[in-house]
Amino acid sequence: MLPYLVFLLLSLSTHTHGENPAIKLILTDKGLQYGKHMAAVVLTEKMKNMSFPDISGGVSIGLLGTVDYVLSGMSVSQCDFPEPSVDFYEEVGLKAVVSDLNMRVNGRWNTNFGIIYDSGSFDLAVSKVGVTSVVRLAENEEHLSISSETCSAEIGDVHINFHGGASFIFQPFVDSFKSRIKGEIQGKICPAIQQQTEDLERQLAAIAVSFQVGSDLVLDVPLSSSPLVDSASLELDFKGEFYSAKSHTDPPFQADDFSLTCQDSYMLSLGMSEFTANSVSYSYFSTGVLVAHITDKMIPAVSPLRLNTSSFGKLIPQLPKLFPDLLMELSVSARKVPMFSFLPGEVQLGLPGMVTAFAVQNNATLTPLFKLQADSVFSGQVSISGNKVRGSAALSNFTLTLVSSEIGPFKAAFLESLVMLGIKTGVLPKLNAKLGEGFFLPSPHHIQLVNAVLKVNKGFVAFSCNFDV
Ligand SMILES: *[C@@H]1O[C@H](CO)[C@@H](O)[C@H](O)[C@H]1NC(C)=O
Ligand SMILES: *[C@@H]1O[C@H](CO)[C@@H](O)[C@H](O)[C@H]1NC(C)=O
Ligand SMILES: *[C@@H]1O[C@H](CO)[C@@H](O)[C@H](O)[C@H]1NC(C)=O
Ligand SMILES: *[C@@H]1O[C@H](CO)[C@@H](O)[C@H](O)[C@H]1NC(C)=O
């Protein structure tokens, strides 16, 4: 029973390097109770279709000798399955208690008394079944691991009625039969739970701990430590690092530790460190994809400044004299890894850039003109409504510094304000239109997020929500 519950709750995967986790997930008691309810529904359906192994034995009928019997084809015809109680079990895992479970089982009986064979059907009522099971949640080779810690099962009573054949002969011996059958069934409950737990453990061990994201990235989310279970919640800590699908190199920076507060009024809380976002930046930067070539065709028609030497003559008077009437091209790249900083209520992105300007000769040769250091800082807000995350961004700082020049010195200040204007009027409105439209959070199995909240804190972003199916 617990195994199903855990599986429903944690269809999530789960390195132990002593590294700080970058993704943390907290399941509260509210989430556990919701998961339990869902699991109970599934389980009741499963119980209805449950079958039992055959029971065979012998019953002594006084001086006459022993009747050998086989009870076979047993299946549940009716099951009254009260919702179990499931709770966090501090420092261990989960504890489930089922009480007052009643069920009816139909089957066939066959007896063999000397040379006399007989058969018929029977119905069995098993009442007041109580099961207490504790499972341990642990970390095993970077995966969430589950094992049965303790289990006890007890059956209140068993009633059995035989039909057909010479039933009337057996019915009087039912009492001697009952304790045997009760013992047989009672003895099978915990091994069945153990079996289910082992099946679940195999499924958990098979869950991938890294996922391809798009064509360029892999998200690595192995469990970074043992699950933390207290009386009110379960916390799972994951590595949470993106790396390039082409080469797995770890970034030269590490995740700072953060603590995600348990929000009792939400089923689930998730915390993601700025490290996870920065590992994306690092993988793009280290694989050399943060490079763009800008040509005049890409400059919006409304721009007063064109990418050609005459147009640039207004800013750099010597340029058109040295290179008259030529188109220009810019190579823009990241000088260092662009880094995200999560601050209370705000996300900042620092983009350290390098711009190299070329003149495009009539034979298509690119002649280097000058190099600029272009550093921008963007700040943004994120919000969530329903299953959708929206954002907005603004340019909070931009500096352009001349690094080297093949055409003699010039002042970068005027160019700086022009580019800044270009970002503010050309780039940001388009970006904000996209961010404002937002994107849907992935919702597996048609799970609706209810009352989702998102808050940017120092170093991490916290997300909490309830579910509805
Ligand atoms: C019940 O089990 C039988 C065979 O064991 C299977 O064919 C049937 O689809 C099951 N029904 C449900 C509702 O799971
Ligand atoms: C350069 O830009 C100016 C506008 O500033 C335009 O009139 C001119 O035709 C352009 N020259 C080339 C070579 O594209
Ligand atoms: C291309 O033209 C430039 C300027 O006219 C010249 O200096 C250069 O040698 C030429 N390159 C080739 C490959 O023709
Ligand atoms: C912008 O950045 C420069 C250099 O990085 C710094 O000196 C300046 O104080 C910053 N301006 C603002 C408004 O943050």
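Just the heavy atoms: all of them, side chains too, but no hydrogens, waters or symmetry mates, feed the values below. For ligands, and for the atoms within them, numbers begin at 1 and follow the listed sequence. Since we're looking at a predicted model, the values are computed, not measured. Numbers here simply count residues along the sequence, with the first being 1.
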Return a yes/no value for S396: is any of its N or O atoms, backbone included, closer than 3.5 angstrom to an N or O of ligand 4? no
So if I count the atoms of ligand 2 from 1 in the order they appear, which ones are less than 4.0 Å from some heavy atom of R306?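 Near R306, meaning under 4.0 Å from one of its heavy atoms, ligand 2 has 2 (O), 4 (C), 5 (O).
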So if I count the atoms of ligand 2 from 1 in the order they appear, which ones are less than 4.0 Å from some heavy atom of L327? 14 (O)
Is the backbone of V92 close enough, under 3.5 Å, to the side chain of R136 for a donor and an acceptor to pair up by distance? no
N278 side chain to F340 main-chain N or O, any donor-acceptor pair under 3.5 Å? yes
To the nearest 0.5 Å, what is the distance between CG (L228) and CG (D237)? 5.5 Å
Using distance alone, decide if ligand 2 has a nitrogen or oxygen within less than 3.5 Å of any nitrogen or oxygen in D325. no
Measure and list all N/O to N/O distances between ligand 3 and the protein that fall under 3.5 angstrom.
| from | atom 1 | to | atom 2 | distance (Å) |
| --- | --- | --- | --- | --- |
| ligand 3 | 2 (O) | N363 | OD1 | 3.3 |
| ligand 3 | 2 (O) | N363 | ND2 | 2.5 |
| ligand 3 | 11 (N) | N363 | ND2 | 2.9 |
| ligand 3 | 14 (O) | N363 | ND2 | 2.9 |

Looking at K24 and D257, does any basic side-chain N land under 4.0 Å from a carboxylate oxygen?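 Looking at K24 and D257, the cut-off is met.
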Using the six-membered ring wherever Trp is involved, compare the ring planes of F410 and F370 and label them parallel, tilted or perpendicular (cut-offs 30° and 60°). perpendicular
Could you label the plane-to-plane angle of the H248 and Y243 rings as parallel, tilted or perpendicular, counting under 30° as parallel and over 60° as perpendicular?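 H248 vs Y243 ring planes: parallel.
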Kindly give the heavy-atom pair with the smallest separation between S341 and E274, and that separation in Å. CA-OE1, 3.3 Å
Would you mind reporting whether V382 and L454 have side-chain heavy atoms less than 4.5 Å apart? yes
